[in-house]
There are 2 protein chains.
Amino acid sequence: MPETADGPGTTEDPAAPGRRTRRNDPERRDRIIDACLDVIVERGVAGASHRKIAEAAGVPLGSMTYHFDGMNELLREAFHRFALGVSDRFERRMAEAADAQEAAAAVVALVTGDVLATRRDLVLTSELYTLAAREPEFRDLTNRWMARSRAALGRHFDPVTAIMLDALIEGLTLHRGLDTDPYDAAVVVEAVERIVRSGD
Amino acid sequence: MPETADGPGTTEDPAAPGRRTRRNDPERRDRIIDACLDVIVERGVAGASHRKIAEAAGVPLGSMTYHFDGMNELLREAFHRFALGVSDRFERRMAEAADAQEAAAAVVALVTGDVLATRRDLVLTSELYTLAAREPEFRDLTNRWMARSRAALGRHFDPVTAIMLDALIEGLTLHRGLDTDPYDAAVVVEAVERIVRSGD
DNA sequence: ACATCATATGTACGATCGTACGCATGGTGA
DNA sequence: TCACCATGCGTACGATCGTACATATGATGT
């Protein structure tokens with residue numbers, strides 16, 4: 001059974017079998033948000049219902065409407081957390097780079113490697129963009145995300161180069177993620193080089 | 001009332017009020033597919049139900065299961081048509097370009113202009129990628145689309161440059177489409193130039 | 001120890017969904 | 001002209017959805 005990471009109070013009270021104590025669970029809200037992302041990865045936003053998320057989080061259905069004012073708020077918080085997480089990792093990598101050359105190498109590593117190229121990240125990013133393409137509320141979220149990425153790139157590159165790099169990263173990640181057999185990483189190296197080389 | 005473009009047989013038979021003649025409508029299947037795309041643009045794949053699509057196409061609900069073997073087949077055909085259309089327009093633009101310089105200009109025009117930058121195209125592309133990220137069936141579709149784009153670019157650029165340009169176009173289009181106030185078109189010109197300049 | 005009440009949850013409702021299937025329909029060959 | 005039957009459609013069914021709300025629960029102050 002999946003029953004992942006039993007939260008506090010989820011298990012039965014040994015002293016009173018058959019009864020469940022659920023009160024006083026401060027992390028419940030967080031768990032719901034995480035479970036929401038998990039369900040989205042597996043079933044998509046379309047398949048992410050209150051019931052599925054509640055089951056995945058190990059909380060009763062009633063907790064959904066109690067902690068969140070409707071599905072939209074839950075989605076907003078979930079994708080906010082996701083974008084923040086990816087953004088943090090990106091920012092950290094850029095901060096760790098000593099100069100533009102290291103930064104370029106870090107960008108290549110992010111695209112070809114483990115951070116942006118996860119199936120989970122690909123799915124969640126696509127789902128978020130789909131929401132953003134239709135609802136301004138989520139578009140604000142993606143805009144803040146893009147702005148943060150460009151700012152992180154701005155540590156090492158001029159603003160225009162940062163914008164172009166940001167777009168290139170997006171396209172490369174997306175295409176490599178969707179491609180049945182992704183082209184060689186050398187292409188990524190070359191592409192990044194072409195963009196940053198002229199930016200000095 | 002929306003009741004767009006009454007198809008043949010959709011209106012009442014003047015000779016027999018209250019009766020409807022629906023037989024012999026060869027374009028019905030096509031109309032359903034087009035209506036499907038319209039509904040997806042407006043409500044998303046999640047909101048594209050048989051009933052909504054049937055209403056938009058001006059056909060009875062029964063026609064849905066009659067012409068298509070389930071929702072998945074309808075989606076597959078609809079997105080196939082969409083990808084083919086965009087691909088055709090892209091191909092044509094590339095074919096019209098006399099040399100690499102004109103091709104580069106065409107790429108800029110496509111990204112900043114009217115073909116790829118429509119809200120409709122943005123929404124449909126996002127929705128398709130979201131499906132592709134999860135289901136291999138739709139991933140094949142996007143793969144064929146990407147292959148065709150690269151082949152079209154291959155008329156004027158070497159294969160590696162074509163791959164990079166393809167990714168750049170994707171990222172630029174997506175970011176410009178989602179950006180609340182898109183950066184200047186000059187950035188697009190510069191980015192394309194940087195990618196193709198080193199490709200000679 | 002006990003009354004109190006904010007916190008938390010179980011349940012029920014109306015809407016909408018995809019799909020199956022029996023029947024109406026009208027083109028067609030005799 | 002008319003019977004026939006492939007084509008096309010109206011309708012009903014079971015499932016699932018988001019959400020509201022009455023009620024259970026247990027922490028807390030006295």
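In what follows, chains carry the letters A, B, and so on, assigned in the order in which the sequence lines appear, proteins first and then strands, with residues in each chain numbered from 1.
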* **Residue-level proximity of residues 128-140 of chain A to DNA chain C when a heavy atom falls under 4.0 Å** => none
* Any salt bridge (charged side-chain N to carboxylate O under 4.0 Å, His left out) involving residues 163-175 of chain A? Give me the pairs, sequence neighbours left out, ordered by first then second residue. => A:Arg150-A:Asp166
* Name all residues meeting the side-chain hydrogen bond (donor to acceptor under 3.5 Å, both in side chains) criterion together with A:Arg139; count only those two or more places apart in sequence or in a different chain, and write none if there are none. => none
* **Spacing between A:Tyr66 atom OH and C:dG10 atom C1', to the nearest angstrom** => 15 Å
* Asked: Does B:Ser63 make a side-chain N or O approach to OP1 or OP2 of D:dC9 shorter than 4.0 Å?
  -> yes
* **Gap between atoms CG and C1', on B:Leu74 and C:dT19 respectively (whole Å)** => 14 Å
* Check the side chains of B:Ser49 and B:Arg43 for a donor-acceptor pair under 3.5 angstrom, ignoring hydrogens and angles. => no
* Asked: What integer distance in Å separates A:Arg29:CZ from C:dA8:C1'?
  -> 15 Å
* To do: Give the rounded distance in Å between these two atoms: CG of A:Asp69 and C1' of D:dG18.
  => 12 Å
* **d(NE2, B:His67; C1', C:dA20) in whole Å** => 17 Å
* So which one's nearest nucleotide on DNA chain C is more toward 5', B:Gly70 or A:Thr65? -> A:Thr65
* Asked: Quick one: side-chain hydrogen bond (donor to acceptor under 3.5 Å, both in side chains) partners of A:Asn72, sequence neighbours excluded?
  -> A:Glu137
* Asked: Do B:Arg134 and A:Ser126 have a side chain donor and acceptor closer than 3.5 Å?
  -> no
* To do: Figure out the CZ/P separation between A:Arg31 and C:dA8, and round it to whole Å.
  => 13 Å
* Kindly write out the residues that satisfy salt bridge (Lys or Arg N to Asp or Glu O under 4.0 Å) with A:Glu73, not counting sequence neighbours, or none if the list is empty. => none
* **Given C:dT19, D:dT19, C:dT9, the nucleotide with the shortest approach to the side chain of A:Pro60** => C:dT9
* **Partners meeting side-chain hydrogen bond (donor to acceptor under 3.5 Å, both in side chains) with A:Ser149 (sequence neighbours left out)** => none
* To do: Tell me, please, which residues at least two apart from B:Thr130 pass side-chain hydrogen bond (donor to acceptor under 3.5 Å, both in side chains).
  => A:Thr130
* Asked: Rounded to whole angstroms, how far apart are CD1 on A:Ile53 and P on D:dT19?
  -> 11 Å
Review item, nucleotides 11-17 of chain C N/O atoms under 3.5 Å of protein N/O:
from   : atom 1 : to      : atom 2 : distance (Å)
C:dC17 : OP1    : B:Ser49 : OG     : 3.1
C:dC17 : OP1    : B:Lys52 : NZ     : 3.4

* Structure fact -> A:Arg28 atom CZ is separated from C:dA8 atom C1', nearest whole Å, by 8 Å
* Structure fact -> Sequence neighbours excluded, the answer for ring pair (Phe, Tyr, Trp, His ring centres under 6.0 Å) partners of B:Phe79 is none
